[in-house]
S.K.: 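Sharing a structure here in structure tokens format.
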Amino acid sequence: MAAQQSLFADDPPDWEQDAAGEALTATVVMAGAGGGAAGEFDYLVPDQLADPRNPETRAEPGRRVLVPFGRGDRRLSAYCVAVGVKPRGARRLKSLLEVLDPAPLISESMLRLARWMAEYYLTPLGQVLETVLPAGVRGAAGTREVTLLSVPTAVAARLTRLELPEKQRRALESLAASTKPLSPPQLAKLADCTTAPINALRKKGLVESRVERLDTAQADELLAPTVERQQPKQLNKDQAHTLATILAALEAPQSQTVLIHGVTGSGKTEVYIQAIERVVGFGRQAIVLVPEISLTPQTVGRFRERFDHIAVLHSHQSDVERHRQWRRIAAGEIQVVVGARSAVFAPTPHLGLIVIDEEHETSFKQDTAPRYHAREVARRRAEAARAPLVLSSATPSLEAWVRADGPDPDALLASMPRRVGGLPMPDVRTIDLVQEAHGRGGRGAISRPLSQAIHASLEDRGQVILLLNRRGFSTHVRCPSCGYLLECPHCETALTFHRDTNVALCHWCDYREPPPRICPDCKSAGVNYHGLGTQKLEAEVRARFPSANVLRMDTDTMRSPGSHERALDAFRRGEVQVLLGTQMIAKGLDFPNVTLVGVINADSALHWPDFRASERTFQLVTQVAGRTGRGERGGRVMVQTFEPGHPAIAAAVRHDYAAFAAGELPEREALGYPPYGSVVRMIARGENAKLVEALLAKAADTIRRHGEEFDAMGPAHALRVIGPAPAPLEKLRGEYRFHLLVRSRDGAALHRVMQRVAAELEAPDGVRWVVDVDPVDMM
DNA sequence: AGCACGCCGACT
DNA sequence: GTCGGCGTGCTC
């Protein structure tokens, strides 16, 4: 009663009499970023939204509600995050207007997970919830609101005695005669009239209406392809041991993390599929996270062969499709969810296991707010569900590695150092590009030894994979007389020349212009094309190996849906002899006839301004090397590099992860970088470089000020601010970008400081800033 | 984000 | 004396 009063703002406030009383209160957060209103707000729950007889309109946590907000009482959609009886404070609360969802969309445990994310990633809870809940679910995609009309019994009884205009009478009689409720258009058609007379009837109260949400399609059955069921494979000793480790973790009372470190081709997937079979066997669900790029029909097919009810979630799905999958998962109809990063939020009612395949992949970190890492979110979810988390990689992130193999491990390590079927690891050798340049090696991207190896492989009817991690034809366009470099006007990065479309293209903002015939600066005729991209490599391969079928895979050629599968199918069938491309060919492919892998330039990422540059290089070379030697014909790898002695490259050549880790970890330790410390990055951008830099300078001061108390506690807790400095991508889409890095061995201290700084920092107009907790991208 | 409040200059 | 400029700050 009391609650209803405040629906009408002009009524005399009832709290004066009831000030000491209590009221049913809903705590909400505004949907999305909340337009700056990031905090939690309390509203009274009116009686009609607390009625247990009306479960569809009951306010409860996990449902969205409509609330009046601000001075103008704007109607905003918000997430209810708590309901409870609270003492009336001095402030007079407004009341909820409506409950929008007929049932909670977010469970209590998912809400706790979202709260943790909001806290840890310094993002408003409302924005986190928009990420947890797919857009298709929020908009109830694939369903439609329909108005259903019926005739009240009392009206039907005196139907013949009513005096009505002709059209209205016909419509009313048709509706009364119908066995089921009809929508206005249906009735209009039946009674051969427009909706006007029907509306008149509704107004008079002779026809009653209710609104329902119905599915627009029920195509589930049509979409599930039939596949032949496969039996579990016989495991070898390493695999059996790894499976036993996971099964032991399943029986543990608390969540356990298991790191499967298995070389490429060691049969990791079969192991965790068998673990999932156990989990499914006792009525629980499993979530398998894979990098988006490996969500190919091949990967998905392996799961379809083994499980009856799987759901696949990826970014190319329509809202309707995603919504349908989401509901099937929530209903418990699904055994295994396979998906990219955001599948970590799949609403499985009884989660029994989470697997993260290719755990080291950077795509598990979201690059927009909330900038969460699926590995960390999965860890929290697994802990809450008391379910194991299985991380799988041939090249584990050092973060995961230290947890499993460090001095104080909290994860189990399962090693699979051998390939299945007794296959040997491929022979890897480096080609020193410094020496090649001095010797008589031919010009171009492919050195003489690599060229000979390609010839040999092709002659032997083997297939070849060539990796070059730069798309386009030439990486820069320069005037030979004055040195002028063609740059993007918005990003100040070199434009890449794309020969197939004849444009100079910015890879960061997609700006494009025709390549100049004369130098824009000194007007001399002709410009030179420098640097190597996949298109130029393709041209070179075609020229040197005219008899081979060559296929290029990069984001330019793989744009259309299904092109990825078609390309890989053609390669699998042997129609293509040389597959070349960017890192998308480095990962997960398993083709037994590949007898040679060539890495065109292994050091391309080695000197990036990123403390993980070595790790990235090691991962890329190791992963692409793993694409060969997967059949009985064996395989070899040739790695072109200017730094054959670099520890990351030398370790990759020897397939020696432990050696790489042993070399890299002390450097991280010395500097307090992850996994021995935490890093937070702040990025600011705006059209005015001075203002952008000044904001970060102010941020740096604030960080230092708040950090003093931890600095005083000694080096194990001190904060170190690096920067501000221009970001590696100094100008992007017309905006100047600066960044600063803060690190500390004490992650909690760093987090506390950043929380305060984020709350305090005020940006001038035209400057935007973000905080990236645990960044994986330093550009 | 939006909207009201407030504290200064040009007008009835 | 008041109408309205948009700078500032709050929103349960």
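Lettering of chains follows the sequences in order, A, B, ..., and the numbering in each one begins at 1.
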S.K.: What nucleotide among C:dG9, B:dA1, C:dC12 has an atom nearest to a side-chain atom of A:Asp42?
M.R.: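 Among C:dG9, B:dA1, C:dC12, the one nearest the side chain of A:Asp42 is C:dC12.
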S.K.: Starting at atom CZ of A:Arg74, determine the distance to atom C1' of C:dT11, rounded to an integer number of angstrom.
M.R.: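 Distance, rounded to whole Å: 8 Å.
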S.K.: Going by atom type alone, with no hydrogens or angles, which donor-acceptor pairs under 3.5 Å involve a side-chain atom of residues 683-695 of chain A and a protein atom two or more places apart or on another chain?
M.R.:
from: A:Arg685; atom 1: NH1; to: A:Glu735; atom 2: OE1; distance (Å): 2.7
from: A:Asn688; atom 1: OD1; to: A:Lys690; atom 2: N; distance (Å): 3.0
from: A:Asn688; atom 1: OD1; to: A:Leu691; atom 2: N; distance (Å): 3.3

S.K.: If I take atom CG in residue A:Asp765 and atom P in nucleotide B:dA1, what distance separates them, rounded to the nearest angstrom?
M.R.: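 So the CG-P distance, A:Asp765 to B:dA1, works out to 10 Å.
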S.K.: Measure the distance from CZ on A:Phe69 to P on B:dA4 and round it to the nearest whole Å.
M.R.: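 Rounded to the whole Å, the gap is 14 Å.
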S.K.: Let me know the distance between CG of A:Asp73 and P of C:dC10, rounded to the nearest Å.
M.R.: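 Rounded to the whole Å, the gap is 18 Å.
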S.K.: Between atom CE in A:Met30 and atom P in C:dT11, what is the gap in whole Å?
M.R.: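 My rounded result for the distance is 11 Å.
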S.K.: Rounded off to whole Å, could you give me the CZ-to-C1' distance for the A:Arg71 and C:dC10 pair?
M.R.: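 It is 5 Å, rounded to the nearest whole Å.
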S.K.: Kindly state whether the ring of A:Phe41 and the ring of A:Phe69 have centres lying under 6.0 angstrom apart.
M.R.: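 Between A:Phe41 and A:Phe69, the centre distance is under 6.0 Å.
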S.K.: The criterion is side chain to side chain donor-acceptor pair (under 3.5 Å); which residues satisfy it with A:Gln285, sequence neighbours excluded?
M.R.: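 By the side chain to side chain donor-acceptor pair (under 3.5 Å) rule, A:Gln285 matches no residue at all.
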S.K.: Specify the separation, in whole Å, of atom CG of A:Leu76 and atom P of C:dT11.
M.R.: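 So the CG-P distance, A:Leu76 to C:dT11, works out to 14 Å.
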S.K.: Are the ring centres of A:Phe364 and A:Tyr372 closer than 6.0 Å?
M.R.: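 Aromatic pair excluded; centres sit 6.0 Å or further apart.
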S.K.: Measure from CG on A:Leu24 to C1' on C:dC12 and round the result to the nearest Å.
M.R.: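 Result: 15 Å.
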